[in-house]
**Student:** 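The structure that follows is given in the form of C-alpha cells.
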Amino acid sequence: MKYWLMKSEPSVFGIDALSAAAKKTSPWDGVRNYQARNMLRDQFTIGDQAFFYHSSCKEPGIVGIVNVVKAGYPDFTALNPKDSHYDPTSTPENPRWYMVDVCLKEHFKRVISLDELRRHESKELSGMLLLRRGNRLSITPLVTAHWQFIVSLV
DNA sequence: GCCAACGTTGGC
DNA sequence: GCCAACGTTGGC
C-alpha cells in the first residue's frame, strides 16, 4: 500500500466532479508526462491512497482523499481524436499513456492549502516533493510520515 | 549527444 | 497576465 499526491485543476476536473461521478469513481486520465506515466503504469496498485490536490486555482491545496480502485491501464483518451488529450503517437497496440481509476474516499471540510503545507516544510514535511521549488510533476509519492501528518491537520 | 527554441505548468 | 522552472523537440 502506497501513498500519493495527485494534482488536478478544479476547472478541468475537481473533487466536486469526482463526487458527482457514478459510484464517486472515475479514471484519472490525461496525464501526459513520462515520469508520472511510469508511476501510474508501474507503481500504482489497488488499495493505494492519494491526496486530491487542486492546482492553478484560487486556493491551491489538498481537498480530499481518493482510493485507487483500478491499477494502471492504457489511457483511452489518448486514442480519441476528439479528446483534448488526444495523442496520435499512441495506439491500442502500443499505448503511450496510462491511467488508474480512483474512488472518492473523503472530501475534506476545509482545504489544506499549499500555504499551510509550506509552514511545515522545514520540519514535519521536510523533503515533500510537492514543496520543492519548481516541481511541476502532477503525481508524486508521499512517505508514510508525511501522509499521516497531513491527515492529522484535517 | 548537445543545446537552443519552444511549450507547459502553476503559483502569484 | 506574468514569469520562473522544467520538459520536449529537433537540427546539427
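Proteins come first, then strands; the chains are lettered A, B, ... in the order of their sequence lines, and each starts at number 1.
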**Student:** Could you work out, with side chain to side chain donor-acceptor pair (under 3.5 Å) as the rule, every residue matching E124(A), not counting sequence neighbours?
**Tutor:** H120(A)
**Student:** Give, for atom CD1 of I150(A) and atom CZ of F108(A), the distance between the pair rounded to the nearest 0.5 Å.
**Tutor:** 8.5 Å
**Student:** Which pairs with one or both residues in residues 17-32 of chain A pass side chain to side chain donor-acceptor pair (under 3.5 Å), sequence neighbours excluded?
**Tutor:** S19(A)-K24(A), R32(A)-D75(A), R32(A)-T77(A)
**Student:** Show me the pairs that pass side chain to side chain donor-acceptor pair (under 3.5 Å) and involve residues 135-152 of chain A, at least two apart or across chains.
**Tutor:** none
**Student:** Check every nucleotide of DNA chain B for an atom under 4.0 Å from a heavy-atom of chain A, then give the first and the last such nucleotide from 5' to 3'.
**Tutor:** dG7(B) to dG11(B)
**Student:** Please round to the nearest 0.5 Å and tell me the distance separating atom CG of L130(A) and atom CG of L114(A).
**Tutor:** 6.0 Å
**Student:** Just call it for Q35(A): base, sugar-phosphate, or nothing, with non-hydrogen atoms closer than 4.0 Å on any strand.
**Tutor:** sugar-phosphate
**Student:** Ignoring hydrogens and geometry beyond distance, is a side-chain donor-acceptor pair present between N38(A) and Y98(A) at under 3.5 Å?
**Tutor:** no
**Student:** Mind listing the residues from residues 124-136 of chain A sitting with a heavy atom below 4.0 Å of DNA chain C? Number order is fine.
**Tutor:** R133(A), G134(A), R136(A)
**Student:** Is there a side-chain contact between Y3(A) and D48(A) in this structure, where contact means two heavy atoms from C-beta onward sitting under 4.5 Å apart?
**Tutor:** no
**Student:** Going by the side chain to side chain donor-acceptor pair (under 3.5 Å) test, which pairs reach into residues 78-91 of chain A, not counting sequence neighbours?
**Tutor:** D87(A)-T89(A), D87(A)-W97(A), T89(A)-R96(A)
